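Atoms considered below: every heavy atom in the structure, side chains included; atoms not considered: hydrogens, waters and symmetry mates. Just so we're clear, the structure is a prediction, and the values are computed from it rather than from any experiment. Numbers restart at 1 for each chain; the letters A, B, ... are given by sequence-line order, proteins then strands.
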Amino acid sequence: MNAKRDRCLLLAWLAAVVVISQLHDPTLLGVLLALILAQYGRGLPGALKRVLVAIALVNITVSLGFAIHAVLDERPWLEFVLRLNLRVVVLALLTLWASQGIRLERALDFSPGLQFLLVLAQGQIRALQRLAADFRFGFTSRNPVPLALGGRMRGAGRQAAALMEKAELHAEALTQGMQSRGFFDDRD
Amino acid sequence: MIATEITPEMAMLQFDSVAFGYGDGGRVLDDVSFDLAAGERLVVLGANGCGKSTLLKLANGLLFADSGIVRYQGRRLDRAGLAAKDWRREFRASVGLVFQHPEAMLFNPSVGEEIAYGPQRLGKPNPEGLALEWARRLGLERHIERAPFALSGGEKQRLALACVLACEPRLLLLDEPTANLDPRAIGWLIDHLAGATQLAVMTTTQNLALAVELGQRALVLSEAGRILFDGLLEVALADTELLVEANLAHRHLHRHQDGTQHRHLHSHGDWS
């Protein structure tokens with residue numbers, strides 16, 4: 001029963017993504033955004049912060065790039081930029097809602113292969129999220145005086161390298177764990 | 001029972017002059033030889049980085065010796081040996097490893113499915129029922145629908161134990177099994193192992209207090225991955241110099257309020 005509900009929600013989310021991708025009227029996208037924001041209720045500030053942090057860098061870069069290019073070509077740009085940003089925010093909020101409300105591994109139980117890949121990815125993401133949070137705490141704890149941008153960038157670079165290495169070690173350990181439990185026995 | 005005179009015919013697991021390194025130049029294990037009989041309890045003691053986990057992975061056919069031979073029930077545990085599908089299945093069914101970091105062995109969508117995975121593969125009847133039973137035994141029944149990666153460290157450790165025990169292996173390899181367990185779960189594990197008399201168990205630990213509950217025979221590894229001692233655990237624990245050499249105990253200075261001072265021996269856990 002739960003799996004059925006999760007599958008329905010996943011399908012609804014997929015359908016919504018397709019429909020929103022076909023909407024080009026900024027007013028309509030704005031109305032949709034207002035409706036989605038309203039359904040978040042008291043969780044709105046947190047959700048909005050997460051979404052904006054996730055999309056800000058890419059959206060600002062693309063919007064600025066398009067606007068500069070359009071100004072140089074003497075073409076209109078405002079409507080396009082508005083539409084682009086509204087659509088991305090709507091899709092991101094909808095996806096955040098879906099990720100909180102749908103148990104994806106249940107929704108994908110019709111395909112053991114997909115489900116397995118998802119579970120592996122979720123496990124890795126969770127472990128790396130924890131590690132990244134620890135890095136942030138460690139960095140804050142060891143730098144009582146805030147560092148300049150250059151220092152922060154170097155720290156972030158080293159953390160990214162450590163995360164990559166950890167991900168590789170996790171993958172190796174997981175392969176051994178699966179091997180130990182006979183996962184590969186029927187696969188060669 | 002302690003198998004003091006183990007003949008090759010009796011040995012379930014044999015390490016014969018095994019050496020292993022990870023390819024970065026250094027040897028992790030060097031000239032390691034020992035036998036383990038069916039039903040025997042062996043505790044592998046050693047400091048951090050001395051090769052305890054590597055030893056278990058070699059015993060589980062996950063890593064292969066650079067030199068020397070590892071045998072399980074007389075058959076070589078090497079790439080060629082494990083290439084035989086039937087033998088490999090039989091081996092995997094009868095030898096279970098609980099990893100020190102249990103995330104490594106959890107890859108199913110829910111706790112119930114995770115435990116049922118092994119019995120299902122082995123064709124045991126009613127794997128779902130077995131999963132429920134093992135979840136109950138290890139206090140995981142209320143998490144049966146949850147995703148394994150969402151559990152706490154201790155819950156994951158208990159789940160990893162349930163996954164392996166549900167397959168009813170003949171040889172159980174436990175890598176620092178109590179690192180994340182709470183006292184109740186440790187008590188359960190000790191009681192369970194005490195009751196499973198047919199099961200051979202090889203446990204790695206630095207915790208000497210726990211060691212006495214998990215076996216009667218000790219294999220003490222040096223920090224260079226060589227065997228310093230193979231024999232009765234109580235003899236190893238009484239040998240202060242051995243424990244200090246293996247970095248399982250240390251002496252440090254105690255200063256008392258009256259100004260006197262002296263050195264005490266300390267270890268991970270108080271076994272005395």
### Message
Counting heavy-atom pairs under 4.5 Å with chain B, which one of A:Glu172, A:Glu105, A:Arg103, A:Gln115 comes out on top?
### Response
A:Arg103
### Task
Answer with side chain, backbone, both or neither: which region of A:Arg181 has an atom nearer than 4.5 Å to a non-hydrogen atom of chain B?
both
### Query
Is it true that atom CZ of A:Phe137 has more than 12 heavy atoms of other residues, nucleotides or ligands lying nearer than 6.0 Å?
no
### Task
Using side chain to side chain contact (heavy atoms under 4.5 Å, CB included) as the criterion, point out the one residue from A:Asp109, A:Val119, A:Leu118, A:Leu104 that pairs with B:Pro109.
A:Val119
### Query
Applying the side chain to side chain contact (heavy atoms under 4.5 Å, CB included) test to A:Ser180, which of B:Val98, B:Leu62, B:Val95 qualifies?
B:Leu62
### Query
B:Phe20: what forms a ring-ring contact (aromatic ring centres under 6.0 Å, His included) with it, not counting sequence neighbours?
B:Tyr22
### Task
Could you tell me whether a side-chain N or O of B:Arg121 sits under 3.5 Å from a main-chain N or O of A:Gly182, the two making a donor and an acceptor?
yes
### Query
So, B:Arg88 and A:Asp185, do they make that salt bridge, N to O below 4.0 Å?
yes
### Query
Got more than 12 heavy atoms from elsewhere within 6.0 Å of CD, A:Gln100?
yes
### Task
Name the orientation class of the two ring planes belonging to A:Phe183 and B:Tyr117 (parallel below 30°, tilted from 30 to 60°, perpendicular beyond 60°).
parallel
### Query
Of all heavy-atom pairs between A:Leu174 and B:Leu106, which one has the smallest distance, and what is that distance?
CD1-O, 4.1 Å
### Query
Which bit of A:Gln176 comes within less than 4.5 Å of chain B, counting heavy atoms only: side chain, backbone, both or neither?
both
### Options B:Cys167, B:Ala160, B:Cys163, B:Pro102, ranked by heavy-atom pairs under 4.5 Å with chain A, top entry
B:Cys163
### Task
Report the option among B:His101, B:Glu113, B:Glu103 that has the most heavy-atom pairs separated by less than 4.5 Å from atoms of chain A.
B:Glu113
### Query
Would you call B:Glu145-A:Arg106 a salt bridge at under 4.0 Å N-O?
yes
### Query
Just by modelled atom types, is the A:Gln179 backbone N or O under 3.5 Å from a matching donor or acceptor in the B:Arg92 side chain?
yes
#### Entry: A:Arg75 CZ: over 12 foreign heavy atoms closer than 6.0 Å
yes
